[in-house]
Structures are given as C-alpha cells and as structure tokens.
> 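I'd like to ask you about the structure that follows.
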Amino acid sequence: MKIATYNINGINARLEQLVAWLKDTRPDVVCLQELKVPELRFPAITLEKAGYGAVWQCDKAYNGVAILARGGEPHLIRRRLPGEPADTQSRYIEAAVKGVVVASLYLPNGNPRPGPAFDYKQRWFARLLKHARDLLKADVPVVLAGDYNVVPSDDVRDIYSPKSWAKDALVQPEPRASYRRLLEQGWTDTLATVGPKTPSYTFWTYWRERYERDAGLRIDHILTSPQLKPRLKKAGVDREVRAHAHGSDHAPVWLTLKK
DNA sequence: ATGTCGGCAAAATGCCGA
C-alpha cells in the first residue's frame, strides 16, 4: 500500500501533471493541499476517470485539502480540525481508506512573524496536538499527512541553509517544539525513519532557481501512529515532479506499507 | 530587501498569500 501527500498549489493549474503522476506512480491514497479551487470546480470527474474517488474541503480561492483513493471512495470522517469553530479555513480533512484513518492537513504558514498569522499557526498546531492525542487513544492505524509548514531541524537533511531562513515562520522554535511534541506522543516521521539518508527536501521556492540549485526545505511530512510501525517499508520524494516547467513549488512525498 | 507564482478583483494591473 502506497500513501502520498502533495501540496499541489492550485489543482486545476496542474491537473494534467497530477493525472500523469497518478498513472506513473499509482499511489493507493493521496492527500492533496492548497487546492485553490472553489468547491464546485474541484475536478472530481477527471479524477474519477483516472481511477480515483475523492473527498474534498475547499475555500473560494485559498487553502483546500482532499483525500483520493484508488479504485474506491474515501469514507469521510471530518472536514474540520476540532477546537476553534470560528476558524473557517479549509486546512483539514479526515477519512477512512483501506483500513487506515488518513488525514490531509495544511498547517498555516505563519508569515509574517510576529503577528496574527503566526499566532494562528500556533493555535492550529495546539489543536492538532490535541486531536492527534485523541486519534492515538482510538488505537487504530492513522496517517497524518500534509504540508506542516515546519522544517523540523537545521540539519542539512531538512534545510539547505538555516541562515537564510532564520527569520521565517517555518523554522521558529515554537512550531518546531510543537512538531517535536507530536513525535513524542508516539507518531513516526516516516521520511526521516525509512526515507533516504540524503537530503529529502519537499519544497523549493520559485525564486532564483532554488530548485536547480537544490536549495530546498523539508516541510511536507507523513506521520504514522504506532500501530503502523511494523508495516513501514520505504519513504521518498518524487522530486522530478518539481522540475516541471509549470509545476507546484512542492514535490510529492510517499510512504509504502507492507500489505 | 529581494526573488516568483496562482488566483482574485476588476478591467490589465495590482493585491494577497505563499
């Protein structure tokens, strides 16, 4: 079983690429973020023709998350992260797929910092920590996949140059501490655990040929609950997808499970 | 400080969010 996550940065701007990538790599489950599409323009029919059922949660222009399942329909569990009813941004969707609870999440970016955007990021992270704990209590296999907008460390495996990002919300101690607390709850950072030993960047800005220079960051993560530990096989990044002339600024991340 | 995108509002360029 193969599970992937991909911040697509506008699903209709990349639809051909998305379909080609699905055909090439045949993931069983796909978590998408930054759909940037109103609900009624979500390309459900195109995805259906490509062999994928979907559930999605959209805003008018920004955010937006989806879960795709090959040869079936994801069973929707929730469309919102609990804890802040006034928060209407579409950043979380959760579904049962092929015996696993899967969440596609898009953590707030948090820039500019300091300010309300950064505060919102921290509140959102606190809500995620609480919900993640509840999911662990349910004692079922769970995958939390998405764009966490957090570079876990200053290690070269996570970021090409900590110095040039030092003031950015993606590398601050507070979100890093929240991410670490998630791992301390018992979740596994699968790319760090069963991924390549070489840098596994997942995001390169569009600026100044950052991709060509491999000036990247690791901010897209697939976390798994303890039940899945014995089934973890291999993780990686489809980095060549980022090389497309009109590609997203992220690359897909994937995980394979035994069975 | 900057770089570059996607998508919006509103009328093609400027803004926002990333």
Side-chain angles (χ1 to χ4, degrees), chain A residues 5-21 31-43 46-47 56-66 81 84 86-92 104-125 128 145-152 158-172 174-176 178-179 201-221 237 239-253:
Chain A
T5 184
Y6 183 22
N7 178 322
I8 197 161
N9 189 18
I11 190 168
N12 284 329
R14 331 274 178 209
L15 198 49
E16 270 182 48
Q17 283 177 38
L18 175 64
V19 169
W21 171 74
C31 297
L32 297 173
Q33 302 86 35
E34 272 207 271
L35 303 175
K36 287 185 170 177
V37 70
E39 176 160 2
L40 296 174
R41 297 231 177 92
F42 182 85
T46 304
L47 293 172
W56 59 93
Q57 176 64 34
C58 298
D59 292 337
K60 191 178 174 191
Y62 299 126
N63 311 314
V65 285
L81 187 60
E84 191 175 327
D87 178 12
T88 58
Q89 298 190 23
S90 296
R91 298 181 173 276
Y92 189 93
S104 176
L105 64 96
Y106 177 43
L107 237 125
N109 170 292
N111 284 304
R113 177 205 68 91
F118 192 69
D119 299 341
Y120 173 53
K121 179 178 198 168
Q122 283 310 99
R123 287 204 308 281
W124 208 96
F125 226 142
L128 180 62
D147 179 357
Y148 283 70
N149 268 315
V150 178
V151 179
D158 290 343
I159 185 167
Y160 70 104
S161 163
K163 210 175 144 190
S164 44
W165 286 81
K167 289 179 180 164
D168 195 278
L170 306 190
V171 303
Q172 295 313 306
E174 298 91 338
R176 279 183 171 171
S178 300
Y179 187 74
Y201 304 143
T202 67
F203 164 76
W204 301 257
T205 77
Y206 289 121
W207 308 330
R208 295 185 193 246
E209 294 161 334
R210 293 279 169 87
Y211 177 72
E212 289 74 9
R213 292 164 32 215
D214 197 24
L217 290 75
R218 187 169 78 96
I219 58 175
D220 300 272
H221 309 298
V237 180
R239 39 183 307 142
E240 63 286 351
V241 171
R242 174 62 180 80
H244 275 112
H246 298 288
S248 165
D249 42 5
H250 295 247
V253 182

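Sequence lines set the chain letters: A, B, ... in the order given, protein chains first and strands last, and positions in each chain run from 1. Given the structure is predicted, the values throughout are model-derived calculations rather than measurements.
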> How long is the straight-line distance from CZ of Arg14(A) back to NE2 of His244(A), given to the nearest 0.5 Å?
11.0 Å
> When rounded to the nearest Å, what value does the distance between P atoms of dC16(B) and dT2(B) take?
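Comparing P positions in dC16(B) and dT2(B) gives a spacing of 15 Å.
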> Tell me: OH of Tyr106(A) to P of dG17(B), nearest whole Å?
11 Å
> May I have the distance from Lys121(A) (atom NZ) to dA18(B) (atom P), rounded to whole angstrom?
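Whole-Å distance recorded here is 10 Å.
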> Would you indicate what Arg213(A) reaches in the nucleic acid, counting non-hydrogen atoms under 4.0 angstrom: base, sugar-phosphate, or nothing?
nothing
> Atom CG of Asp249(A) to atom P of dG17(B): distance rounded to whole Å?
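The distance from CG of Asp249(A) to P of dG17(B) comes to 16 Å, rounded to the nearest Å.
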> Identify, with sequence neighbours excluded, every residue that meets ring-ring contact (aromatic ring centres under 6.0 Å, His included) alongside Tyr62(A).
none
> Between dA10(B) and dC15(B), how far apart are the C1' atoms? Round to whole Å, please.
11 Å
> Which parts of nucleotides 2-11 of chain B does protein reach within less than 4.0 Å, heavy atoms only, written one letter per nucleotide 5' to 3' as B for base, S for sugar-phosphate only and - for none?
BBBSSSSS--
> Pick the C1' atom in dG7(B) and in dA12(B), then give their distance to the nearest Å.
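The same atom, C1', in both gives a distance of 14 Å.
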> Please list, chain by chain and in numerical order, all residues satisfying ring-ring contact (aromatic ring centres under 6.0 Å, His included) with Tyr106(A), sequence neighbours excluded.
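Partners of Tyr106(A) under the ring-ring contact (aromatic ring centres under 6.0 Å, His included) test: none.
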> Find the distance Asn149(A):CG to dG17(B):C1' and express it as a whole number of Å.
11 Å
> Listing request: all salt bridge (Lys or Arg N to Asp or Glu O under 4.0 Å) pairs with a residue in residues 240-250 of chain A, at least two apart in sequence or in separate chains.
none
> Does CZ belonging to Arg123(A) count more than 12 external heavy atoms closer than 6.0 Å?
yes
> Using atom C1' in both nucleotides, what's the gap between dG3(B) and dA18(B) to the nearest angstrom?
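Those two atoms are separated by 13 Å.
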> Would you kindly give the CG-to-P distance between Asp147(A) and dG17(B), to the nearest whole Å?
17 Å
> What's Phe203(A) touching, base or sugar-phosphate or nothing? Going by heavy atoms closer than 4.0 Å.
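No contact.
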> What salt bridge (Lys or Arg N to Asp or Glu O under 4.0 Å) pairs are there with at least one residue in residues 160-172 of chain A, not counting sequence neighbours?
none
> Not counting sequence neighbours, which residues clear salt bridge (Lys or Arg N to Asp or Glu O under 4.0 Å) with Arg210(A)? List them please.
none
